[in-house]
Amino acid sequence: MTMNDLWPTARSRWLPWYRTRPFWGGLFMCLGGVEIVLTTWDGLGMLPFSGTAGASAWLLGSLCLVAGLATWQAPERRAFPGVLALVLSLISLVAANMGGLFLGFLLLASGGAITVAWTPEPRSSKAS
């Protein structure tokens, strides 16, 4: 099997999965959680974040990562992870280094909003 044969097969599996769930909302939530954790891990080279800000960033980041994955796994229950991401994004402003230097906050807030606002496509009935 060549790469030219593999691409249509992968695409035919990817598109139905992608279209039946809030993909971008989950992706933004995952990226926001990872960004909040990486801000405390790297510490910007000269400014290490530790203590309660570091611990809360790891907790908030991991919760947001789980919320993003849960959105992909169970799109019919998308309201809880979406609202959770919105609440955690606000908490991250205070508890986790200004929300991962505002980038994590923006990713989480937009991912939560996209997830809450997403509605599944109505099934099309093909009339014969």
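Quick note: numbers below take in every heavy atom, side chains included, and nothing from hydrogens, waters or symmetry partners. As the structure is a computational prediction, the values presented were derived from the model and not from experiment.
Between the side chain of Arg78 and the main chain of Pro22, no donor-acceptor pair closer than 3.5 Å is present. A distance-only check finds no donor-acceptor pair linking the side chain of Arg21 to the backbone of Pro75 [under 3.5 Å].
One distance of note links CG of Leu88 with CG of Leu93; it measures 11.5 Å at 0.5 Å rounding. Distance check: Trp58 CH2 to Ile36 CD1 gives 12.5 Å after rounding to the nearest 0.5 Å. Separating the CG atom in Leu101 from the OG atom in Ser92 is a distance of 10.5 Å, to the nearest 0.5 Å. Rounding to the nearest 0.5 angstrom, the gap separating the CD1 atom in Ile91 from the CZ atom in Phe105 is 12.0 Å. Atoms CG and CD, from Leu107 and Glu35 in turn, are 7.0 Å apart once rounded to the nearest 0.5 Å. Atoms CG and OG, from Leu86 and Ser110 in turn, are 9.5 Å apart once rounded to the nearest 0.5 Å.
Between Ala85 and Gly112, the closest heavy-atom pair is CB-CA, 4.1 Å. Residues Ala67 and Leu84 come closest through the heavy atom pair CB-CD2, 4.2 Å. Contact record, Pro81 with Thr71: CB-OG1, 3.4 Å, taken as the closest heavy-atom pair.
For the residue pair Tyr18/Trp24, the side-chain donor-acceptor check at 3.5 Å is satisfied.
Side-chain heavy atoms closer than 4.5 Å link hydrophobic residues (I, L, V, M, F, W, Y) into clusters, and following such links, possibly through other members, connects Leu15 to Trp72. Both Leu63 and Val87 are assigned to one and the same hydrophobic cluster, defined by single-linkage of ILVMFWY side chains at heavy-atom distances under 4.5 Å. Cluster annotation: Met98 and Leu90 are assigned to the same hydrophobic cluster (Ile/Leu/Val/Met/Phe/Trp/Tyr, side-chain heavy-atom contacts under 4.5 Å, transitive). Transitive grouping of hydrophobic side chains (ILVMFWY, heavy atoms separated by less than 4.5 Å) brings Leu27 and Leu103 into a common cluster. Cluster annotation: Val37 is connected to Leu65 through the hydrophobic network of ILVMFWY side chains, with a link wherever side-chain heavy atoms come within less than 4.5 Å.
Separation of the Trp14 and Phe23 ring centroids falls under the 6.0 Å cut-off.
Counting heavy atoms from C-beta on, the side chains of Ile114 and Phe28 come closer than 4.5 Å.
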